[in-house]
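I have placed the structure first, in the form of structure tokens, so that the comments after it can refer back to it.
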Amino acid sequence: MDFRIRYLHHQANLNSTEAEAKIAERDYAANSYLKDFYDIDWDDSLLYHLMINSGTLGIETAVQLIAKAADVL
């Protein structure tokens, strides 16, 4: 969450409180959409083929990993 707040703070010029509120709002909306229309829990890791922690690896490394994974498919 800290990485997401810092990233949004930098990208959208929001203070930390605004960034955290925006993230919570977006997460709630996405989770509600998936629950309402597909009856799935977006936290279920079995729904995803690839999960990358861009906060730990960085955006550039995440992009490289996604590109490599796409090449394999």
Next item on the list: Could you state whether Met1 and Leu8 fall into the same hydrophobic cluster, counting links through intermediate Ile, Leu, Val, Met, Phe, Trp or Tyr residues with side-chain heavy atoms under 4.5 angstrom apart?
Entry: yes
Check: Hey, quick one: are Phe37 and Leu47 part of the same hydrophobic cluster, counting side-chain heavy atoms closer than 4.5 Å, chains of contacts allowed?
Finding: yes
Check: Can you find a pair of side-chain heavy atoms, one from Phe3 and one from Asn53, that are under 4.5 Å apart?
Finding: no
Check: What do you reckon, is CG of Asp43 surrounded by more than 12 foreign heavy atoms closer than 6.0 Å?
Finding: yes
Checklist line | Point-to-point distance, once rounded to the nearest 0.5 Å, from NZ of Lys22 to CD1 of Ile5 | finding: 14.0 Å
Notebook entry, point to check: If you round to the nearest 0.5 Å, how far is CD1 of Ile66 from CD1 of Ile52?
Noted result: 4.0 Å
Checklist line | Rounded distance (nearest 0.5 Å) linking atom CG of Asp27 with atom CZ of Arg4 | finding: 4.0 Å
Notebook entry, point to check: Between CD1 of Ile40 and CG of Leu46, what distance do you get to the nearest 0.5 Å?
Noted result: 11.5 Å
Item checked: Under 3.5 Å donor-acceptor, Asn15 side chain and Glu18 backbone -> yes
Notebook entry, point to check: How far does CG of Asp41 sit from CG of Asn31, to the nearest 0.5 angstrom?
Noted result: 6.0 Å
Check: How far apart are the closest heavy atoms of Ser16 and His9, and which atoms are they?
Finding: N-ND1, 4.3 Å
Margin query: With clusters defined by side-chain heavy atoms of hydrophobic residues (ILVMFWY) lying less than 4.5 Å apart, directly or transitively, does Leu14 cluster with Tyr7?
Written below: no
Next item on the list: Please answer whether the main-chain N or O of Trp42 pairs with a side-chain N or O of Tyr48 as donor and acceptor at a distance below 3.5 Å.
Entry: yes
Next item on the list: Please round to the nearest 0.5 Å and tell me the distance separating atom CG of Leu65 and atom CG of Leu50.
Entry: 7.5 Å
